[in-house]
Amino acid sequence: MRIAVIPGDGIGLEVIPAALRALALLTEEMGLDLDWEVFDWGARRWLAEGVGLPDGATGMLASQYRAILFGALGDQRIPDMAHGRAILLGLRTGLDLYVNYRPLFLPLATVDLYRENTQGLYAGVGGTVADVAADTCVYTRQAVERFVRYCLRDLSGRSRRRVTLVHKANAVPHTGRLWQQVFHAEVAAFPELTATEEYVDSFCYHLVRDPSRYEGVLTENLFGDIASDVGAALMGGLGFAASANLCPETGFGLFEPVHGSAPDIAGTGVANPHAAMMSAAMLLGHLGYRTAAGHLRACLREAAPAATTEEFTKTVLSMLRRRLKDNV
Ligand code: IPM
Ligand code: MN
C-alpha cells in the first residue's frame with residue numbers, strides 16, 4: 001500500500017518526518033505492507049516555479065496511492081495563502097474528500113466532530129467589483145445529504161448515542177434550513193441516536209464550559225474550521241488535534257494535523273509532533289492496520305510531554321518498541 005506524503009511548509013517539515021519515523025518502525029517491526037513517496041509541494045515550489053498542485057496531481061494520487069499524510073501550509077512570503085488554497089483545498093475538492101473528521105480527545109469526553117469539507121463558504125462562489133466583495137455560502141441538498149448520512153452511520157458504528165447539528169439558521173436561514181431539513185430527515189433512520197441542534201455561537205460557548213454535553217457533532221465547512229480550533233485549545237493546544245479528510249465512496253483519505261505551519265517556531269525544533277503522529281495513527285486505521293494504529297494511539301496517550309520535537313519523537317519510538325517487544 002502506497003501513501004503520498006506532503007510535508008508542506010514550516011513545521012510540517014518537522015512533524016511529518018517525526019510521524020514517518022513512527023510509521024517506519026511499525027512497518028518494519030509488524031511487517032506492514034506500506035511504503036511512501038514524499039512530494040515537495042508547498043511555498044518553495046510555488047515561489048520558484050509558480051506550481052501549487054501540479055497538473056494531473058489529483059488523478060495521479062487517486063490512481064497510484066491509497067492515502068495522503070499531509071503536514072501544513074503557510075509561508076510569510078505568500079501572505080494571502082494562495083498556494084494553501086491551491087494545494088490543500090485543491091486536494092479536498094479534487095479528491096472529493098467531503099468528510100473532515102476532527103475528533104476532540106478531552107479528559108472527560110471524546111467529541112466526534114465532523115466538518116463538511118467541500119462547499120459552504122469554501123465553494124469558491126464570489127467575486128469583487130469595485131468596493132463590493134462577496135463570498136457566497138452555497139450548499140446543495142445532495143452534498144448535505146451524503147455528508148449527514150455518512151456521519152450518522154459512522155456515529156452509530158462508534159456506538160454514540162447523541163448527535164448535534166451545529167448551524168446558524170437564525171441569521172443564515174437558507175443554508176441553515178437546508179441543513180435542518182436534511183438532518184432531521186436522515187436522523188429518523190437512526191432511532192439509537194438522539195438528535196439536537198445548536199447555534200454555532202452557543203455551541204462554542206457550551207463546548208468550552210462542558211464538552212461532555214456532546215458526542216457527535218455535525219457542521220458545515222467554516223463553522224467546523226472554527227470549532228475545531230476551539231476544540232484544539234481544549235485538548236491542550238493545536239499540537240494535539242488530528243484530522244482525516246475522507247471520500248467514503250472511493251475510500252481515499254488525507255490525514256493531517258489541524259495546526260498550520262507555525263512560522264514563529266518553525267526551524268527551532270520545538271513543534272509538537274503529537275497531532276501529526278495521531279494523524280498517522282488514523283491513517284493506519286483507515287488502511288485496515290488496526291493493531292498498529294492502536295499501538296501508536298496508546299503510546300501517544302501515555303507519552304509524557306517533552307520540550308522538543310526530537311525528544312517527544314524518541315519517547316514515542318521507544319514506547320512503541322517496548323510495546324511491540326512485550327507484545328501488549
Ligand atoms: C484547516 C485550515 C484550512 C481550512 C486553511 C489552511 C485553508 O485552517 O484545515 O483547518 O480553512 O480548512
Ligand atoms: Mn483551520
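Both ligands and their constituent atoms are indexed starting at 1 by order of listing. If you read the sequence from its start, that first residue is 1, and numbering goes on from there.
Of the possible donor and acceptor atoms, one in the side chain of Thr250 sits under 3.5 Å from a partner among the backbone N and O of Phe252.
Each of Tyr199, Trp179, Phe183 was evaluated against His167; a single residue qualifies, Tyr199, per the ring-ring contact (aromatic ring centres under 6.0 Å, His included) test. The side chain to side chain contact (heavy atoms under 4.5 Å, CB included) test with Tyr214 singles out one residue from Arg160, Glu198, Arg162, and that residue is Glu198.
For Asp225, the N, O or S atom with the smallest separation from the Mn ion (ligand 2) is OD1.
Checking Asp229 against the Mn ion (ligand 2), every N/O/S atom stays at or beyond the 2.8 Å cut-off.
Both tests do not hold together for Arg44 against Phe39: distance to the six-membered ring centre under 6.0 Å, angle to the ring axis within 45°. Both cation-pi conditions hold for Arg146 and Tyr98: the charged atom is under 6.0 angstrom from the six-membered ring centre and inside a 45 degree cone around its axis.
The shell of residues lying under 4.0 angstrom from ligand 1, judged by heavy atoms, excludes His259.
Between Glu215 and Arg158 there is no salt bridge, since no side-chain N of the basic residue sits under 4.0 Å from a carboxylate O of the acidic one. The residues Glu302 and Arg297 are annotated as not salt-bridged, no charged nitrogen and carboxylate oxygen being separated by less than 4.0 angstrom.
Closer than 4.0 Å to atom 5 (C) of ligand 1 lies none of the heavy atoms of the protein.
The contact set between ligand 1 and Tyr122, taken as ligand atoms under 4.0 Å from a residue heavy atom, comprises 4 (C), 11 (O), 12 (O). Of all atoms in ligand 1, numbered sequentially from 1 with element shown, those under 4.0 Å from a heavy atom of Met81 are 6 (C). Listed by number with element, the atoms of ligand 1 under 4.0 angstrom from any heavy atom of Arg102 are 1 (C), 9 (O), 10 (O). The distance from ligand 1 to the heavy atoms of Arg92 drops below 4.0 Å at these ligand atoms: 1 (C), 4 (C), 9 (O), 12 (O).
Looking at Asp225, Asn221, Leu238 and measuring to atom 10 (O) of ligand 1, the nearest heavy atom belongs to Asp225.
Among protein heavy atoms, the minimum distance from atom 7 (C) of ligand 1 is reached at Leu89 CD2, 4.1 Å.
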